[in-house]
Amino acid sequence: MANLAYIVVIAAGAYTYAVLTIGPDTGNGGFQHYILGYQLPFFAAVIAAAAVGAGVGVLIGVTGLKRIRQDYQAMVMLVISIMAATVIGAAPSFLGGEPGISLVPNPFSNLSAVTGAWAYVAMVAFACLIGYLVLRKFTGGPMGRALRAMRDDEHAAAAMGFSVVRMRLLTQAVGGAFGGVSGALLVAFIGGWSPGAWAYVETLALLTAVIVGGMGNDFGVTLGTFVIAVLLLQGVQFLPQIRSHTGLTEALGWMVLGLLTIGFLWFRPQGVFRERRPKYRLRPDPTGDPSSGALAGRRG
Amino acid sequence: MHLLVQSIGFGVAAGAVLSLGAVGFTLQFGISNVLNIAYGALMSIGAFLGLFMLGLGLNIWVAMVLGGLAVGACSVLLNRGLITPLVRKGMQPFGLVIVSVSAGIVLEYVIVAVAGPATQSYGNLSGATLNFLGWTLTTAQVVIFGIAVLLMVGLHLLLTRTQLGRAMRATSSNRTLARSCGIATSRISDIAWFMSGTFCGMAGIALAITIESFDFTLGSIFLIPMIAAAVLGGVGQPYGAMIGGLVVGVVSSVSSAYWDPAYQSVVAFGIIIVMLLVRPRGLFGSSSATRKLLA
Amino acid sequence: MSAAPEDAPGSGRIAAPITAVESTESAGGPLLRLTDLVRQYGGVKAVDGVSFEIQPRTITGIIGPNGAGKSTVLTVASGFMPPTSGHIEFDGRDVTGLPMHRRARLGMVRTFQIARVFEGLTAIENLMVAVPQQRSLTLKGLVVGRRYWRSEEEEIQERAWQLMKTFGMADKANEKAGRLSGGQRRAVEIMRALMMRPKLLLVDEPMAGLNPKLTRELEEVLMTLREQGLSVLIIEHELDTVERICSEVLVMAWGKVIARGQMAELRTRREVQDAYVVG
Amino acid sequence: MRKALVIPVVGVMAVVAGCGSSTPSGNAIKPGPINIGVVAPFSGPAAEFGTLISAPCYAATDLINQAGGILGHKIQCTPVDDTGDPADAVPNVTRAIATISNFDLAVGLETNTAATTVPLVNKAQINMVTTNGLTNYDTTTYKYFWRLTPADDANGAAMVQFAYNKGYKKIAVVFENNSTDTGNTPGIEKAAAKLGVKLLTNTTIPADASSYSSVASTVVSEHPQAIIFDADPQSTATFLSNYSQLTNGKLPPMITATDSLTPDWYQAVSKAVGTNFIFNQVDLVGSYFSTTTPAFYTYRSALLANPKTHALADTLASVGPPASIYDGINVMALAMLMAKSADPTVYNSYVNQVVTPKSGAVVVDSYAAGKKALAAGKKIQYVGVLGAVTFNKYHNFAGAFAAARFTGSTTSRNAAIMPGSEISKLLG
């Protein structure tokens with residue numbers, strides 16, 4: 001099940017990176033307030049963001065352990081993500097409140113804008129590559145098989161001797177660490193972070209990406225993220241503004257997003273790319289006749 | 001002390017609107033078993049329909065009834081056109097939540113496309129201010145409270161005294177069993193969606209009257225306290241939702257008087273999470289409703 | 001995986017999984033012992049003071065009318081649900097407070113009343129996943145990678161193929177389990193349980209929905225497994241089946257065990273007949 | 001209200017960078033018009049603000065083009081949508097920097113997004129005339145940063161000064177929890193302490209709550225002589241109607257910021273508590289400029305002449321930030337003429353020469369006049385709508401403040417003027 005509070009993990013990573021690199025809040029005329037305010041080097045802060053992301057992921061995961069119906073769980077997750085944004089927004093001296101934290105340092109700030117952006121893309125691409133390789137360890141092979149089994153039926157998995165709690169928290173921690181890193185990279189690029197940047201609707205956009213791409217397919221998810229994020233949401237910016245109707249273009253973007261989600265769930269719930277399962281081949285074995293045994297091919 | 005009494009009064013006034021919305025929400029959930037997040041958007045539609053009808057020169061209370069019925073029709077359409085077909089396709093509850101979230105967003109931006117994103121207002125309809133029991137309420141708030149009470153009593157009579165009500169309760173507690181007893185559950189479901197939509201639309205217009213100023217996000221902002229009320233009272237329990245609405249209203253009002261008002265909405269969030277995780281049946285829910293909730 | 005000798009005519013096809021069963025003579029005493037087991041739902045006692053033992057290498061049946069508490073006994077025994085009171089001992093060890101997955105690792109594996117397969121996995125993957133302590137799922141396995149767990153994975157695959165062939169489902173191995181028929185799902189579920197090399201198999205109405213021929217074949221499987229050292233606790237409605245395979249039968253009604261013994265003898269007992277009539 | 005969307009993916013960045021391969025700024029001027037990027041929200045809840053802040057740009061560019069353009073180039077306004085959200089603004093502004101040719105001046109960069117957009121624009125070496133109120137830019141060392149409006153804390157101090165002048169000694173303060181509004185608070189607190197004005201409730205409220213009755217009740221119970229209040233239109237209307245419900249329709253005098261002078265605010269508040277309150281009890285405090293100078297007439301007639309801005313002419317007549325953009329564009333355009341280059345790295349060092357008083361300089365009040373004087377080989381001093389401008393070493397200029405009263409849904413007239421020196425003393 002997709003985690004509707006995932007955006008909180010991204011936010012946690014972003015805030016962690018921000019307060020660990022930005023320096024004390026008395027700087028810059030003291031116009032913003034936040035805790036910590038260290039000036040750690042980039043990589044240390046990213047690692048810390050991963051750790052905090054993992055921690056927050058596990059915390060969210062713990063609430064998900066309670067056996068309630070999945071739509072209720074979805075609701076709890078949505079509420080958690082809205083609540084987290086509200087609480088952070090209402091506490092101005094904790095993480096900058098509603099205005100958020102700005103002037104977060106960029107690791108390439110001494111390069112020019114364009115070179116810096118390219119350097120950043122290169123770095124993010126590298127991070128993605130590493131992330132993909134780590135992810136493959138989890139989604140491919142026997143580990144992926146076990147996780148998929150748990151996703152299909154937790155009770156049956158527990159009956160098979162799997163510690164559902166441990167595996168769930170493990171996946172939450174790994175997912176959380178990923179979210180934390182992506183939050184850190186994002187905030188280092190943007191330079192600022194505020195509750196408005198992680199409203200629950202952003203979760204919907206992430207979810208649409210996953211649904212369109214195909215939930216069980218790493219490549220599909222990546223592709224979906226590109227299609228949705230870049231083409232749709234950024235593409236809307238290139239449309240001519242309809243002057244007489246403020247907000248119409250923007251509204252169209254959102255409607256397309258919503259309809260796309262519904263349309264895919266309706267017509268092609270598996271997404272553009274299906275989940276693929278490995279095929280195993282039977283070794284040649286002269287004694288076995290594959291189709292002759294008990295229970296073969298009969299309808300029960 | 002005076003502040004406490006007063007804020008309880010505000011809470012009751014806000015709670016009446018909340019109850020109205022929460023009852024509709026919980027009624028539909030109880031019978032069709034679908035968590036409808038698009039409910040908030042339907043509420044906004046109700047508020048904008050009210051605005052449209054005020055523009056036509058209708059009386060606000062007439063507009064409230066008509067708007068409610070119109071939203072009821074929208075609600076049935078949503079069920080027939082989207083939810084039921086997907087349920088038939090075997091979509092899981094989690095998928096349905098995503099669908100209703102998406103549908104809600106689409107509906108909201110349909111409002112933006114038609115009416116624009118600007119802030120709207122019915123104008124000052126609150127009437128004279130009334131003082132009693134140390135409470136300060138406007139005439140409109142009292143009328144809305146009255147309407148809410150009337151609707152609740154009406155719903156109570158419908159559920160307990162009529163054949164339809166019995167059929168609805170039967171469907172709510174066990175759909176399969178009800179169907180095997182010859183109850184046309186899909187028709188009951190339609191009726192539930194319609195009634196839910198009607199409550200929703202009326203709550204939207206009532207909210208727009210009391211809040212004075214609103215935009216297309218009206219309903220989705222209000223959805224969280226409404227769900228909190230429904231969850232507090234036990235999901236699927238109309239009576240629970242009535243009480244839940246009042247409790248959530250009073251608690252958030254009192255909390256914002258004595259605590260940082262910025263945290264006002266956090267109270268509602270807290271109620272939802274604590275209730276669902278600690279006592280999912282709600283304060284008034286039966287254990288059969290609990291079994292529905294548990295996976 | 002040792003070879004599957006074709007040494008027992010008529011039951012040779014299922015010889016392979018049985019060698020997978022671990023030695024059950026470990027503790028000497030009864031394999032499973034339930035003492036004064038009570039399970040309440042709200043105010044209702046679904047199980048009301050049940051005590052019994054299961055010896056190694058036996059098939060024990062539970063019969064009784066609907067609502068007698070049979071499934072609840074199995075559910076509580078497997079650890080899916082905690083008992084309200086009472087004790088559960090498995091293989092000489094108190095497992096009352098142990099969660100289901102820990103009991104499964106000790107060798108007590110259950111199947112479900114309605115077969116539960118991992119629908120997104122292929123049939124053979126359903127089997128291969130059922131080795132919870134495989135190396136590939138450890139931290140070391142994640143870090144070191146394939147060379148740490150490859151040989152074990154190959155062995156698991158080999159065993160899974162043996163079972164698939166035994167149950168005659170090798171041609172369905174790469175089919176998504178979600179597309180299998182009810183009987184095939186049942187088979188996958190039982191094969192999956194066998195992959196774990198259990199000492200005790202808890203099965204809930206495995207014959208439900210199977211045609212008579214299939215039922216007989218499954219009976220045969222279970223009996224061969226027992227000969228190889230497995231114990232089975234089976235809930236079954238079909239009394240003929242129970243009579244054929246069970247060495248001991250418990251009759252439950254109203255949450256209590258009202259009679260126990262051999263099926264043939266029980267059929268004649270008055271209280272058993274009464275329970276069925278009333279139920 | 002719903003914020004617009006940030007998508008935390010590499011994809012966006014890739015597109016940004018992909019577009020960016022072509023045109024690093026700061027090169028010699030290319031054929032085609034010179035572009036002024038109007039960095040403001042054009043979508044999202046604050047979209048109206050984008051229209052308002054574009055108007056002075058149209059007025060200035062129309063006049064500059066009528067005067068023959070700059071160095072043979074036309075000049076035009078190009079909207080850059082910052083969506084009102086600091087995080088969303090970054091990709092859009094980065095893309096604009098990379099894709100807009102002859103992007104030689106940016107205007108706008110308002111408070112909500114300034115913290116992320118100003119550093120970007122500065123780094124891209126593009127001059128900016130910003131209207132943001134962040135106090136951290138009071139002492140900025142950004143080379144390309146220019147600001148002709150006061151920081152928010154000065155505005156807060158001016159609100160208290162105004163209250164003090166009116167004789168209010170007990171004031172309640174209620175702000176919405178956003179950057180602009182919370183930026184006022186330090187100034188309010190400092191000024192209140194210096195002037196001996198007692199602050200009662202001093203709280204922030206969340207936007208768009210369904211009721212503010214409890215907050216209102218707290219405020220009412222303290223009997224303030226006036227209330228300093230700033231929030232979005234919807235929340236303001238709800239708060240005021242909750243308040244009047246408690247006091248039988250009696251509302252205290254309200255002091256708010258000039259950014260409340262919008263049709264949306266007027267509409268929402270007038271429907272909730274009536275126009276009488278708006279016309280007689282609301283004071284809008286903001287920066288001041290005279291509406292009787294020739295420079296103002298030129299500005300106003302340019303606004304009236306363009307159909308896009310015609311309807312806004314009256315609204316803008318007393319609002320400081322748009323006027324500061326108008327003046328700022330003229331100053332920058334004249335600096336380009338003096339530098340004989342539209343390249344910010346070149347003309348930036350001429351900006352102060354345009355405005356500082358010097359002996360023998362011709363005082364000019366429009367681009368056309370300045371261009372003529374420069375062509376005649378004279379020194380100039382631009383004195384525009386805001387009057388004489390002098391930038392301090394941080395490229396900041398804060399003029400006088402005034403309190404204004406509504407005279408219509410979007411129009412106001414200045415009532416009380418407070419010298420800038422008085423306000424800066426309160427903050428010192």
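In what follows, chains carry the letters A, B, and so on, assigned in the order in which the sequence lines appear, proteins first and then strands, with residues in each chain numbered from 1.
Comparing Arg102(C), Arg105(C), Arg192(C), Met128(C) by how many heavy-atom pairs each has under 4.5 Å with chain A, the most go to Met128(C). Looking only at heavy-atom pairs under 4.5 Å with chain A, the residue among Phe112(C), Phe118(C), Trp149(C) that has the most is Phe118(C). Top candidate by heavy-atom pairs under 4.5 Å with chain A, chosen from Arg216(C), Lys176(C), Met100(C), is Met100(C).
Heavy atoms closer than 4.5 Å to chain A are found nowhere in Met108(C), neither backbone nor side chain. The contact between Glu153(C) and chain A is made entirely by side chain atoms (from C-beta outward), counting heavy-atom distances below 4.5 Å. For Ile124(C), the part sitting under 4.5 Å from any heavy atom of chain A is the side chain, from C-beta outward, and nothing else. Interface remark: Arg146(C) contributes no atoms to any contact with chain A (heavy atom separation under 4.5 Å).
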Given the rule in the side-chain hydrogen bond (donor to acceptor under 3.5 Å, both in side chains) test, do Glu227(C) and Thr224(C) qualify, once you have shown the distances and angles that lead to the verdict? CA-CA 5 Å; Glu227(C) 280 162 29; Thr224(C) 320; 5.4 Å; no
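Judged by distance alone, the side chains of Thr84(C) and Gln40(C) never bring a donor and an acceptor atom under 3.5 Å apart. Side-chain contact annotation: Asp204(C) with Ser71(C), donor-acceptor N/O pair under 3.5 Å present.
Remark: side-chain polar atoms of Tyr17(A) are not paired, donor with acceptor, to backbone N or O of Ala12(A) under 3.5 angstrom. With Arg168(A) contributing its side chain and Gly61(A) its backbone, the two residues share no donor-acceptor pair below 3.5 Å.
By the 6.0 Å contact criterion, CD1 on Ile114(C) is open, its count of non-hydrogen atoms from other residues, nucleotides or ligands being 12 or less.
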